[in-house]
Amino acid sequence: MVFLSSARVVLDQADISRAVRRISHEIVENSRGSDDLIILGIPTRGVPLARRIAETVAQIEGHPVPCGAIDVTLYRDDLPLREVRALEPTDIPAQGIDGCTVVLVDDVLYSGRTIRAALDAVHDLGRPAIVRLAVMIDRGHRELPIRPDFIGKNLPTAKDETVRVRFVEVDGVDDVMIDSESVGDADAG
Amino acid sequence: MQMLGKHLLSAGDLDRAQALMILDTTAELATVTERSVKKLPTLRGRTVVNLFFEDSTRTRLSFELAAKRLSADVITFSAKGSSVSKGESLKDTALTLEAMGADAVIVRHGASGAPYRLATAGWIDGSVINAGDGTHEHPTQALLDAYTLRSHICGGQGDLQGVHVVIVGDVLHSRVARSNVLLLHTLGAEVTLVAPPTLIPLGVESWPCSVSYHLDDALMQADAVMMLRVQAERMAGSYFPSTLEYSRLYGLDAPRLELLKDRAIVMHPGPMNRGLEISADVADSSRAVIVEQVANGVNVRMACLYLLLGGAGSQAGGD
Amino acid sequence: MGAIVLRGGAPYGLDPHDIVIDDGVITAMMPSNQAGSNALDGEGVELELDASGCTVIPGLVDLHTHLREPGREDAETIATGSQAAAMGGFTCVHAMANTSPVADTAGVVEQVWRRGVEAGIVDVRPVGAVTVGLKGEQLAELGAMAASAASVRVFSDDGLCVHDPLLMRRALEYVKTFDGVVAQHAQDPRLTEAAQMNEGALSARLGLAGWPAVAEEAIIARDVLLAEHVGSRLHVCHVSTAGSVEVIRWAKARGIPVTAEVTPHHLLLTEELVESFDPIYKVNPPLRRAKDVHALREAVVEGTIDIIATDHAPHPREDKDCEWAAAAMGMVGLETALGITVEVFIESGLLTWRDIADRMSTIPARIGQVPDQGMPIAPGSAANITVWDPSAQGPLEVDALVGKSGNSPYLGQRMPGTIRHVLFRGRPTVVDGALA
């Protein structure tokens with residue numbers, strides 16, 4: 001990945017922190033009364049985001065919220081178009097997802113294809129009562145009828161721009177950058 | 001990330017990173033095997049051919065199940081009852097499969113090197129996976145053995161650094177032994193081969209392992225002991241005087257099991273000759289992980305199929 | 001037919017000469033571009049062949065050729081094999097007996113001989129089988145074959161070893177009647193059951209059944225002792241190991257009348273090529289280690305190994321287009337033998353052209369007792385002449401293989417020159433690199 005000088009920061013650490021807090025409150029509000037909430041992050045950067053959201057929800061609710069990871073690689077529809085990818089860990093809380101409210105979490109929502117794959121993966125894991133979607137950035141350009149329920153920031157972009165979310169847990173820094181040079185999006189989702 | 005090549009022909013072709021990637025992928029896929037819906041859509045639209053010139057029900061079923069769990073279309077082409085047994089050549093069979101659009105050919109063949117011919121002669125375009133060729137190699141068996149060793153001895157993570165594996169039996173005719181020596185060495189394990197000198201290939205000193213003719217001495221060091229199938233027919237070739245003498249000197253029985261370290265495991269690639277290289281009570285003991293090896297076999301083969309077929313192929317540009 | 005003048009070629013790579021050939025014999029030789037050479041022009045000269053820049057040597061004699069006829073005409077025929085031989089600079093080949101039917105009677109060897117005469121571009125000397133059907137059980141009618149029109153002098157079960165020591169002794173003794181020679185394919189059958197390649201570290205890794213050097217060396221050791229014991233001469237086919245060289249060196253030092261041959265491929269190729277599992281490299285005896293190749297080269301230089309013989313073994317494509325174990329053993333060699341020899345011995349300076357002429361013409365003709373072959377490039381000699389063009393270097397093209405089969409391991413590899421002309425008993429068989 002090459003970052004050219006035209007990259008600019010659109011969210012800093014404080015912005016991300018505020019967004020996580022707001023999303024968490026919205027999740028609590030939205031799922032009020034349901035104590036079977038499960039937050040599932042989509043690797044790579046959906047996982048730390050899911051963890052932060054789960055921790056924040058737990059603080060608000062006063063009890064722990066199960067959180068896990070769901071790798072969607074094996075469900076992607078673009079596998080034959082790209083080099084084979086290593087699988088990321090899938091980690092589903094022990095009680096399973098049947099009858100639960102599952103909140104899928106990803107860093108950037110773009111074409112919607114990753115979420116389509118995630119819905120298939122969830123379907124193979126069990127039968128949740130409700131599935132919701134939380135993303136840090138919605139950059140538009142959807143190719144499937146998929147809409148997020150909780151959004152950190154709407155970021156209208158051109159198709160040749162790249163959005164890059166970085167989290168301390170993975171990248172050592174919290175920020176969101178946009179780059180107008182085409183450098184190949186790290187995550188097509 | 002270190003990708004696999006187009007084919008999987010020899011355990012010796014895998015470097016440490018590639019071998020670990022297969023084991024790590026296997027670990028992820030193992031979780032799929034544990035859930036109620038065991039099927040993945042990953043290889044939908046891909047065609048995988050099981051090309052078995054030798055009878056091997058367990059390996060064939062293992063590959064078949066692995067491919068089906070990844071939603072590939074699977075054709076099985078067995079020598080028995082097919083044109084192969086009527087004198088059709090390897091080449092003509094390959095050309096037929098190519099015409100059918102095979103993305104991968106999993107080949108088991110009695111002749112050492114047959115998968116190499118399929119991969120390099122220009123008869124087919126697809127990936128070739130060696131499912132055992134003659135007395136040469138059986139790389140997926142070595143991978144499932146490494147996976148089994150790792151989950152029992154290394155907590156399911158990392159390589160096999162410092163693990164001592166003793167492989168006992170007909171090394172000369174064993175493709176399992178050849179692939180295991182190469183792969184286990186790559187993963188950092190120490191391997192000792194134990195057999196009568198007649199069943200150790202001439203030139204073994206170039207292999208990355210040690211050799212012993214004495215089972216009892218070797219067992220005391222072992223974290224795992226892998227028993228190889230010994231065919232009674234070898235007696236006719238004067239490789240050993242009698243099956244009784246063989247099993248007395250090189251068979252694993254209950255008293256010998258006592259020599260092993262507390263947590264050491266007993267492995268066997270199957271099918272077993274109970275009473276010859278392994279006694280029934282050892283085969284059924286709690287140390288034997290033989291059934292687990294079979295289960296791991298499916299997951300390892302899923303991992304190999306995914307890593308070989310789950311992308312655009314080696315010609316596409318990487319990340 | 002009038003006289004032929006071969007202009008400007010250098011006999012044995014020395015000074016260029018013009019050579020006059022008339023009525024199948026070299027009649028005159030004079031240095032090129034000297035006064036008087038023009039005297040060769042004009043009346044009576046039917047054909048002039050340009051050999052400038054080329055080396056002129058006696059026509060090559062192969063003591064070990066498989067022409068496959070009768071029985072495997074899909075692989076080679078006596079006619080196509082003769083063409084391959086001519087294109088490779090040969091004027092005489094010895095057709096091995098492992099045909100179908102086996103050349104173990106006067107009838108079969110005469111038939112082979114006659115077909116060779118009909119083809120008419122090289123001397124085809126049939127080799128007679130030592131035992132009936134190559135079965136190693138009972139002596140074939142060696143005397144009848146010797147007395148036949150084919151005048152067989154070399155006997156061999158090649159492809160199989162005369163393994164029974166008593167039978168080998170009898171054969172060695174019996175051929176003394178007509179000063180014949182037994183050419184032994186030295187391979188202990190029990191030690192090489194199902195053998196696929198040289199036995200050693202590589203065969204261990206590749207899981208291919210090993211062909212141990214000792215299986216060759218033990219038979220050679222036994223046979224030289226038998227030859228000494230009964231006072232017969234012995235010829236050893238396709239020597240392939242350093243150990244065999246030592247045994248033969250020992251035997252020669254002891255005065256045992258043994259001769260030995262080595263193939264061009266055993267002088268160049270090593271067992272590592274088997275790693276490809278490409279059966280083009282499957283040959284019997286198998287390709288060996290680099291140290292064997294070096295020992296064989298040294299043996300050729302010092303004369304322990306007397307001659308280079310091709311073991312030209314044509315196989316149809318389907319017999320090589322398969323898995324290793326199922327593939328036939330052997331490679332074609334007639335068209336490339338001189339090129340490989342030049343690469344190994346001339347370009348390295350190990351041997352002179354006169355040495356090459358000895359080892360590929362004079363001595364094999366002597367071992368096979370072939371009249372008119374292997375004679376020096378000199379007035380009075382039968383005009384069996386090969387003209388080598390070192391300027392025509394380049395990769396070996398499949399078109400250069402004029403025999404019926406293309407199982408050469410050298411396709412695409414550089415050859416250090418080509419055959420420009422060949423004269424067989426005074427008649428051009430190859431002119432300007434093409435069959436005349």
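Every chain is numbered from 1 and lettered A, B, ... according to where its sequence line falls, protein lines coming before strand lines. The structure presented is a predicted model; accordingly, all values stated were derived computationally and were not measured.
A cation-pi arrangement is not found for B:R117 relative to C:F277, the charged atom failing to lie both closer than 6.0 Å to the ring centre and inside a 45° cone about the ring normal.
A donor-acceptor pair under 3.5 Å is absent between the side-chain atoms of C:S405 and the main chain of C:P314, judged by distance alone. With hydrogens and angles disregarded, no donor-acceptor distance shorter than 3.5 Å links the side chain of B:K6 to the backbone of B:S127.
In terms of non-hydrogen atom pairs under 4.5 Å with chain C, the most contact-rich of B:G113, B:G12, B:G110, B:G134 is B:G113. Counting heavy-atom pairs under 4.5 Å between each of C:G210, C:A325, C:G200 and chain B puts C:G200 at the top. Contact count versus chain C (heavy atoms, under 4.5 Å) is highest, among B:R175, B:K91, B:R178, for B:R178. Interface summary for chain B: among C:E199, C:Q196, C:E193, C:E318, the most heavy-atom pairs under 4.5 angstrom belong to C:E199.
Looking at B:S206, the atoms closer than 4.5 Å to chain C (heavy atoms on both sides) all sit in the side chain, from C-beta outward. If you measure heavy-atom distances from B:H109 to chain C, the contacts under 4.5 Å come from the side chain alone. Contacts between B:A121 and chain C at a heavy-atom distance below 4.5 Å are absent for every atom of the residue.
A 4.5 Å side-chain heavy-atom check between C:Q187 and C:E216 finds every atom pair outside the cut-off.
The minimum heavy-atom distance linking B:A111 with C:E323 is given by the pair CB-CG, 3.7 Å.
Atom CZ of C:R317 has 12 or fewer neighbouring heavy atoms from other residues, nucleotides or ligands inside a 6.0 Å radius.
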